[in-house]
A.B. asks: 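Please read through the structure below; I'll follow up with questions.
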Amino acid sequence: MSTPLAPLQPAFFRPGAALPPVDRPVPLRRGLRRNKLLFAVSFLVLAGIGLAIVAALPDRYRATTELVFQDRSSGFGGSAPLMLDRNAIETEAAIIGSRELALRAVDALGLVEDAGFNPALQPSLSFAFGAWLREQVLVPLGMTPPLAAQPMPPRGFLVERAGDAYLARLSVKPAENARIVAVTFTADSPALAARAADMTARLYVEGRVQERAAGARRADEWLGGRLERMREDVMAANGRLDAFRRETGMLEANGASIFREQLAQVNAQLVVARGARTEAEARAAQVRRLIAQPGGLETAAAVLNADLVRQLRLQETAQQGRIAELRVQYKDDHPRLQEALRELDGLRRSIADEVSKIGISLGNEVEVARARENALQQEVERLQLLVDARNETLLSMRALENDLRSRTQLYEVMLARFNEAKLQDESLAGPEARVISAAVPPAEPVFPDRATLAGLALLLAALLAALVAGLRERLRSGFGSIRQVEAATGLPVLGTLPSLPRNVLSGAQPHELALDIPTSDYAEAIRGLRAGLTLAGGERPLRSVLVTSSRDGEGKTTTALSLAALAAKAGRRVLLIDADMRDPGIGPALYFPHERGLSTYLSGEATAEAVTEFHLACGFYFIPAGRIEEDPASLLSSPALQALLQQKSGEFDLIVIDSPAVLDAPDALLVARLVDATLYVVAAETVRRDRVRAGLQALRNAGGAVLGTVVTRLDSRRQAAEDSAYVPTLIEDRRQPAG
């Protein structure tokens, strides 16, 4: 017995190697190529629907009415115009497109009775079909009673819905650099489009006129009431002023001026009196000083200036001159001289009496001056009190007069403004906006542009069909091509086995077909798989190969049988081992009972030679599974299986082992560690990609070396379209030393 070869470690999937992280997205071109029929059907259906929708689209006509806005006077006591800026124009445009105006237009145009604006008059297709089915089929058959007439919704509800439809078709846009607003309406009828645009503009203009008239009336009423209250305030202020004048006795505003004039006069007299008193006191003081001196009184100015005293002095002087003459003529005792002297004494006594009287008179003058001064001082004080009192009264009166004057002036100004406003409101009876271009029923519809829409429908149908095909390919749970298998597993595809319909097999087994018809596609595919295995072995040929899959039913047993049969036909000594002791497949396919086989050998009940059989038609040796075991994993994990493989690897050129699916039982994981390589079978259209990746990951974790994959049940026509220029790169020199 020769020494067994060590298990190979292919570079494609050694133990410990990681799977590709995610599947790469399928290019759109390949997705379309693999789903050409689905794309074509989807495109035709979607294009037909799109073209039918375009053909069924109703015509839409659009008419436009243009309004121009003008500046106008402020309308209240001034001629300054109200300038309309951009914001004002946009505000007016918003008013034109308001819901209130739309409801008025709906009512004026009678659109509630129009099916295009009344939802109750345009039932849906499903509702119409249901009503037809009920009335035409179900009611005649007696399956349902006739449907009672549905009440019409309230008119208010219909008007609101018609208003919604009206606003959806109305467009109000102000011009960029002009005071013009375009009112555009879109309708199914050109006449309705023009009528609706004109009606909207007319209702707006009339509404603005009515609003201004109502505003003018409200302003007149408010101003009239305000003026009446102001007139009453003026009358009340005038009454208060009259009552105050009557109470104070100041019927005229110059009452206080009289007192001030009297006070000034008395003050002037008081000044004079004070001067006279001072002068009298000075003369009296002088007289008193002269009286104290002998003969001094006679030298007083008052005495010297007195007429009588001056006359008496003149007489005295003349008498003295006469006496002097008499002294010359007569002696002192002469009677004439004595008489002259007596006359002189009489004159002197008269002068003394007059001087005394003058002194007394001066004292009296001082007292009189003082009395006059005191009287004038009292009069000044009395007049000052009167003036002060009159000033307070005058201030109060002037306050009342000012209040009356201001109220009167305000009343007069408001009255003038009121009259001006009424005149200007009458002059502003026209609208501040006017129609400069009435709507004309359009000759051509603006929608739809059927040529453009048809092109867009075809383009959209193509895009949607491509999307459907791409999603179909993206959501495919299985594999559609060799590229996808290699991208998902990271392993080379060593062979592809086509699907074999029942009419092709004609009751035969696939391996029998490969033997009987060597030129068939299936036989060529098996030979291609053998070539891949040979190349994968490199310098050291593979002696033992495990064939497994993710789930049962993917073709692993068929692949193992066919591979063993054609290898034996090529002249190689082949041993086929059925390691599926749960659901054996080799024995039934070879029409061989399985009472004795691998299970009896592993349990020690038979030798290897006793369980090894030869199939004459196929030309290979095989070991059936034997009886079905409850716990085959414990038998496969025994050293007997490793010993069996070591023994048979020296006797045969190729050992092919068929095991249960990786995800169904741990049996394949136990066997994978004992063989040179594992061949993983993938059913292209049926197995899920995540299950394939899970099975390969389990083999990796178990330490098995996966050589490559075999893709079964692959649609040959689709694969030819997908990979017409694709030739799998099998294995040239990718093996690396184990380690």
A.B. asks: State, to 0.1 Å, how close P190 and Y61 come at their nearest heavy-atom pair, and which atoms those are.
C.D. replies: CD-CD1, 3.6 Å

A.B. asks: Test V181 against V172 for side-chain contact (heavy atoms from CB on, under 4.5 Å), laying out the working first.
C.D. replies: CA-CA 7 Å; V181 173; V172 182; 3.5 Å; yes

A.B. asks: Determine yes or no for a side-chain-to-main-chain donor-acceptor pair under 3.5 angstrom, with T184 supplying the side chain and L170 the backbone.
C.D. replies: no

A.B. asks: Does D516, at its CG atom, have more than 12 non-hydrogen atoms belonging to other residues, nucleotides or ligands within less than 6.0 Å?
C.D. replies: yes

A.B. asks: Do D580 and P660 have side-chain heavy atoms sitting under 4.5 Å apart?
C.D. replies: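 Side-chain contact under 4.5 Å: yes.
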
A.B. asks: Decide yes or no on side-chain contact (heavy atoms from CB on, under 4.5 Å) for R60 and D188, but give the supporting numbers first.
C.D. replies: CA-CA 5 Å; R60 293 287 187 267; D188 300 340; 2.3 Å; yes

A.B. asks: Less than 4.5 Å apart, any side-chain heavy atom of R527 and any of P518?
C.D. replies: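 They are in contact (side-chain heavy atoms under 4.5 Å apart), so the answer is yes.
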
A.B. asks: Closer than 3.5 angstrom, by distance alone: can the side chain of R689 be matched with the main-chain N or O of Q484 as a donor-acceptor pair?
C.D. replies: no

A.B. asks: Which pair of non-hydrogen atoms, one from A194 and one from P441, has the smallest distance, and what is that distance?
C.D. replies: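 In terms of heavy atoms, the two residues are closest at CB-N, 3.7 Å.
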
A.B. asks: Kindly indicate, with the supporting measurements, whether the criterion side-chain contact (heavy atoms from CB on, under 4.5 Å) is fulfilled by V545 and V675.
C.D. replies: CA-CA 6 Å; V545 176; V675 298; over 6 Å; no

A.B. asks: So which atom in F117 and which in A165 form the shortest heavy-atom distance, rounded to 0.1 Å?
C.D. replies: CD2-CB, 3.7 Å

A.B. asks: Looking only at heavy atoms, what is the nearest atom pair of S98 and I95, with distance?
C.D. replies: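 Minimum heavy-atom separation between S98 and I95: OG-O, 2.7 Å.
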
A.B. asks: Looking at D164 and R161, does any basic side-chain N land under 4.0 Å from a carboxylate oxygen?
C.D. replies: yes

A.B. asks: Check whether any side-chain heavy atom of T489 sits under 4.5 Å from a side-chain heavy atom of V706, and report yes or no.
C.D. replies: no

A.B. asks: So, the side chain of T65 versus the backbone of A439: is there a donor-acceptor pair under 3.5 Å, distance only?
C.D. replies: yes

A.B. asks: Check this for me, if you would: do E90 and R86 make a salt bridge, where the nitrogen-to-carboxylate-oxygen distance has to be below 4.0 angstrom?
C.D. replies: yes

A.B. asks: Is there side-chain contact between L456 and V54, with at least one heavy-atom pair below 4.5 Å?
C.D. replies: no

A.B. asks: With a 4.5 Å heavy-atom cut-off, do P498 and Y522 have their side chains touching?
C.D. replies: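 Yes; the side chains approach each other to less than 4.5 Å.
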
A.B. asks: For the pair E113 (side chain) and G110 (backbone), establish whether a donor and an acceptor sit closer than 3.5 Å, ignoring hydrogens and angles.
C.D. replies: no

A.B. asks: State, with a plain yes or no, whether a side-chain heavy atom of I89 is found less than 4.5 Å away from one of E92.
C.D. replies: no

A.B. asks: Between atom CG of L546 and atom CG of L699, what is the distance when rounded to the nearest 0.5 Å?
C.D. replies: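 The CG atom of L699 is 7.5 Å from CG of L546, to the nearest 0.5 Å.
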
A.B. asks: To the nearest 0.5 Å, what is the distance between OG1 on T186 and CG on D59?
C.D. replies: 12.5 Å

A.B. asks: Looking only at atom types and distance, does a side-chain atom of N701 sit under 3.5 Å from a main-chain N or O of Q697, one as donor and one as acceptor?
C.D. replies: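 Looks like yes, one N/O pair under 3.5 Å.
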
A.B. asks: Does L192 reach the side chain of D114, with side-chain heavy atoms less than 4.5 Å apart?
C.D. replies: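 The answer is yes, as the side chains (C-beta and beyond) meet within the 4.5 Å cut-off.
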
A.B. asks: For the pair R450 (side chain) and L57 (backbone), establish whether a donor and an acceptor sit closer than 3.5 Å, ignoring hydrogens and angles.
C.D. replies: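 Checking the backbone N and O of L57 against the side chain of R450, a donor-acceptor pair under 3.5 Å is found.
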
A.B. asks: Can you tell if the side chain of L67 reaches within under 4.5 Å of the side chain of Y204, non-hydrogen atoms only?
C.D. replies: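 L67 reaches Y204 side chain to side chain.
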
A.B. asks: Search all heavy atoms of S42 against all heavy atoms of V468 and return the closest pair with its distance.
C.D. replies: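 Shortest heavy-atom contact: OG-CG1, 3.8 Å.
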
A.B. asks: Kindly compute the distance separating OH (Y680) from CD (E554), expressed to the nearest 0.5 Å.
C.D. replies: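 Answer for the OH-CD pair, Y680 versus E554, is 6.5 Å.
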
A.B. asks: Is it the case that the side chain of R551 and the backbone of A661 share a donor-acceptor pair, with hydrogens and angles ignored and the cut-off at 3.5 Å?
C.D. replies: no

A.B. asks: Does E160 offer a backbone N or O that forms a donor-acceptor pair with the side chain of R99 under 3.5 Å?
C.D. replies: yes

A.B. asks: If you apply the rule side-chain contact (heavy atoms from CB on, under 4.5 Å), what do you find for L679 with V656, and how did you get there?
C.D. replies: CA-CA 10 Å; L679 192 63; V656 180; over 6 Å; no

A.B. asks: What's the shortest heavy-atom distance between D658 and A560, and which atoms?
C.D. replies: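 The answer is CB-CB, 4.2 Å.
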
A.B. asks: Would you compute the distance between atom CG of L109 and atom CG of L203 and round it to the nearest 0.5 angstrom?
C.D. replies: 8.0 Å

A.B. asks: Look up atom CG in L529 and atom CG in L566, then write down how far apart they are to the nearest 0.5 Å.
C.D. replies: 9.5 Å

A.B. asks: Under 3.5 Å, is there a donor-acceptor pair between the side chain of K556 and the main chain of S659?
C.D. replies: yes

A.B. asks: Tell me if a side-chain donor or acceptor on Y166 pairs with a main-chain N or O of A196 at a distance below 3.5 Å.
C.D. replies: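 Yes.
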
A.B. asks: Applying the side chain to side chain contact (heavy atoms under 4.5 Å, CB included) test to L707, which of L533, L491, T678 qualifies?
C.D. replies: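 When side chain to side chain contact (heavy atoms under 4.5 Å, CB included) is applied between L707 and each of L533, L491, T678, only L533 qualifies.
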
A.B. asks: Starting at CG of L663, measure out to OG1 of T548 and round the result to the nearest 0.5 Å.
C.D. replies: 8.5 Å

